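Reading through the structure tokens given below for one structure.
Just so it is clear, the structure is predicted and the values come from calculations on it, not from any experiment. Chain letters run A, B, ... following the sequence lines, proteins first, then strands; residues in each count from 1.
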There are 2 protein chains.
Amino acid sequence: MKARARKSRGGRPTLKDIARKVGVHVSTVSRALDVQTSARLAPKLVEKIRRAALRSGYKPNPAARALKTRKSRTIGVVIPDIADPAFPPIIRGIEDGLARNDYVAIVASTDGNPWRQQRILEAMRARGVDGLILAGVLRTDAMVSKLTAGIPVTTVIRQTDASPFSTVLHDEDGGIRLALAHLVSLGHRSIATIAGPQSFSTGYNRHAAFNRHAELLGVRSDPPLTAFARAFNEAEGERCAEELLVTGRPFTAIICANDRLAIGAIAALRRHSLRCPEDISVTGFNDMPLVDRLSPALTTVRVQHFQAGIEAAEIIVDMVEKNPVEPRHTILPVELVVRESTRRLSHGRMQRAENLSSRVE
Amino acid sequence: MKARARKSRGGRPTLKDIARKVGVHVSTVSRALDVQTSARLAPKLVEKIRRAALRSGYKPNPAARALKTRKSRTIGVVIPDIADPAFPPIIRGIEDGLARNDYVAIVASTDGNPWRQQRILEAMRARGVDGLILAGVLRTDAMVSKLTAGIPVTTVIRQTDASPFSTVLHDEDGGIRLALAHLVSLGHRSIATIAGPQSFSTGYNRHAAFNRHAELLGVRSDPPLTAFARAFNEAEGERCAEELLVTGRPFTAIICANDRLAIGAIAALRRHSLRCPEDISVTGFNDMPLVDRLSPALTTVRVQHFQAGIEAAEIIVDMVEKNPVEPRHTILPVELVVRESTRRLSHGRMQRAENLSSRVE
DNA sequence: GAAAATTGTGCAAACGATTGCCCGGATGCA
DNA sequence: TGCATCCGGGCAATCGTTTGCACAATTTTC
């Protein structure tokens, strides 16, 4: 009773309060509460202190701890735009993964704007984040290396070319291979592709994979039936589909570097009275929310968004805690999910597609 | 040169470093750097100190500041699920709004699980958040009040019944009125509704609005053509649409309490060979990303997600800083965006819909 | 021209936790 | 019994800021 009344006014109990209650020094309490150091104390004392701490609802003051240890248990997460449907599942994974380790994320969106990115990175430094998870990096970005000097970094989903960072990636190559093999197995031979921005590793790697596997499967077009998107969005998907159509060269399927491009492409096809999948099959990449609800429901490569986030979180925590650890590189498997936007090539269809697409010229 | 060499090793410059360089006491530097207190110092000294601080790239140590001031400049954001497409735009608004004021958000998803919510709220307390933005509250939730005692709170999008909290809401009533008036103007008279969970203010308010305006517009059905969803998702939308169909009662339009329910409903209609909008018009609520890309593109009520986040951020910052402020309540205007899922009732259609829906029995 | 009021700055004590160092007592070994 | 060795735990410094108070130097007041 008496002891309880002496608890410091206003706020939560502190080490000092518990020390007073148990009748030991605060340093002893501190040690008792830390698994690492409690071994050096008398077991029954430790027990007693722990119970007192629990009973009083003691929670260490994060600011005090951070000040002393120079670790904030905070990770900065930098993404292009949290409102882009591709990212929330990753963020969710990151948050859950960090929470397991008693870290938290602070996330910010760059809008792909280098200037904003710089401000964000500086702000995160200033905030004292222990590590960074980058989801929006370009393949080459000199600034990032400077701005992150001295802080553990991992990228998710995307990577930089000469990477001093850890990475968590999807199996882009495997995904494209699956999509391509699927189309080939359906009888398609003239397969176009809408490639993503080559400044992103995703865009670059998927395009490279397309070329490689098209070659291997013997369906490579020469010159290539490729349009390059300048961004991963629906508008660019439309534009690229138009670009492919106006060449007048026939094709019966399009492999798109991601779902949003695919959605745009299908819309463009429709404007040209080409139906998907009857006239042209289309595949996406990512399996983002809602693409199963489109009509046609999109055939796409399912990636493990959530798991990627989890992995990234685990890795960054590892890097932060066991400090001099070398970069780790994780590749997550993907799977093809076949829905309505791809269909077996019927005999007449090839012909029809040719006519239609040449009509556009 | 000499002075610079004395900068404390290892890390960023501190007040002490600047004090030494300028030749004053750290408290003077501290005051010079704070607009509030710098007025009490000699202007030219202030100028000198500020320049020195800038030159050395001084950034206040957030942990030290938090420890002393008991303010972390951190806001907790609690949502049902960040991967639900309705929320990211709000989060984005919150983050931008907080960043303007030099605060950051730490966000966590409850999955609608009260137990998880409790853990999250406790963790946020422990982390020392200055305020809380709640996006997932139930209308009645005793626990929340207990767990947030002593911390400024605002809710976004949803509200509690007896709210001691500030709120930022969409004009639910206005939105439903617009949707209903739109359908009526298209000739619809038998209008069903798929209501959201009544435990959420959104579900409750939209349903109440539906009843009220149906009455006012003279299109109220008796008994009501209403199905209650148990969650705001596509599966429940499907289930509810089925539920409406099996009543055998005719209707030509459905107002859904949100977009995801609408998407589910349209899918269910399609399974019963009812086309949207030819046979049945459907409206959603929220205008979440991608619903303009569905076919049919969804007619829905556009709400200001982003702005809601901004407002919530501004409000919570206000509450945190000017402390004894009473709850503020903001209502954001909405607009109807008419797309493809609603259509004028043609003369024959009423009949047809009747036949089809009664066929289901 | 002395007392009083007003500057402008320094001093030092916090905030709450961590951690190197030290010391008293118990134990080990001879 | 004597001396070295542990073991358990206290002491105090420290992390970087903020802020009430003290105090010297100036300015104002009568």
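Contacts of Q307(B) classified as side-chain hydrogen bond (donor to acceptor under 3.5 Å, both in side chains), with partners at least two apart in sequence or in another chain: E311(B). Legend: residues meeting side-chain hydrogen bond (donor to acceptor under 3.5 Å, both in side chains) with E122(B), ordered by chain and number and at least two apart, are Q118(B). Not counting sequence neighbours, the partners of K16(B) by the side chain to side chain contact (heavy atoms under 4.5 Å, CB included) test are T14(B), R20(B), V26(B). Not counting sequence neighbours, the partners of R100(B) by the salt bridge (Lys or Arg N to Asp or Glu O under 4.0 Å) test are E314(B). The side chain to side chain contact (heavy atoms under 4.5 Å, CB included) test applied to P60(A) returns Y58(A), R65(A), not counting sequence neighbours. Remark: R119(B) pairs with no residue by the salt bridge (Lys or Arg N to Asp or Glu O under 4.0 Å) rule, at least two apart or across chains. Checked against side chain to side chain contact (heavy atoms under 4.5 Å, CB included), P164(B) has the following partners two or more places apart in sequence or in another chain: T160(B).
Between the axis at the start and the axis at the end of the helix from dG1(C)-dC30(D) to dA30(C)-dT1(D) there is an angle of 40°, using five pairs per end and rounding to 10 degrees.
Across the protein-nucleic acid pair, I49(A) atom CD1 and dG10(D) atom C1' stand 12 Å apart, rounded to whole Å. Rounded to whole Å, atom P of dA17(C) lies 10 Å from atom CZ of R70(B). At whole-Å resolution of the value, NZ in K16(B) and P in dA12(C) are 14 Å apart. When rounded to the nearest whole Å, the span between CZ of R73(A) and P of dG16(C) equals 20 Å. Summarising the geometry, the separation between CD1 on I18(B) and P on dT17(D) is reported as 8 Å, rounded to the nearest angstrom. Distance L15(B) CG to dC11(C) P: 15 Å, rounded to the nearest Å. Going from atom NZ of K71(B) over to atom C1' of dG16(C) covers 17 Å, rounded to whole Å. In this structure, D34(A) places its CG atom 7 Å from P of dT18(C), rounding to the nearest Å.
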Could you go over nucleotides 7-10 of chain C and give all protein N or O partners under 3.5 Å, atom names and distances?
from, atom 1, to, atom 2, distance (Å)
dT9(C), OP2, A42(B), N, 2.8
dG10(C), OP2, H25(B), N, 3.0
dG10(C), OP2, T28(B), OG1, 2.4
dG10(C), N7, R31(B), NH2, 3.3
dG10(C), O6, R31(B), NH2, 2.7

Side-chain donor-acceptor contacts of residues 72-79 of chain B below 3.5 Å, not counting sequence neighbours, with atom names and distances?
from, atom 1, to, atom 2, distance (Å)
S72(B), OG, T74(B), N, 3.4
S72(B), OG, G128(B), O, 2.6
S72(B), OG, D130(B), OD1, 3.3
R73(B), NE, D102(B), O, 3.1
R73(B), NH2, N101(B), O, 2.9
T74(B), OG1, S72(B), O, 3.2

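One side chain, E321(A) or Y103(A), offers a donor N or O that lies under 3.5 Å from an acceptor on the other.
Non-hydrogen atoms lying under 4.0 Å from DNA chain D are contributed by L67(A), K68(A), all within residues 58-68 of chain A.
Distances shown here put a side-chain N or O of S30(B) below 4.0 Å from the OP1 or OP2 atom of dT18(D).
Among residue pairs with one or both ends in residues 104-118 of chain A, those qualifying as salt bridge (charged side-chain N to carboxylate O under 4.0 Å, His left out) are D111(A)-R116(A), D111(A)-R92(B), R116(A)-D96(B); sequence neighbours excluded.
Panel note: side chain T155(A), backbone R158(A); a donor-acceptor pair is recorded below 3.5 Å.
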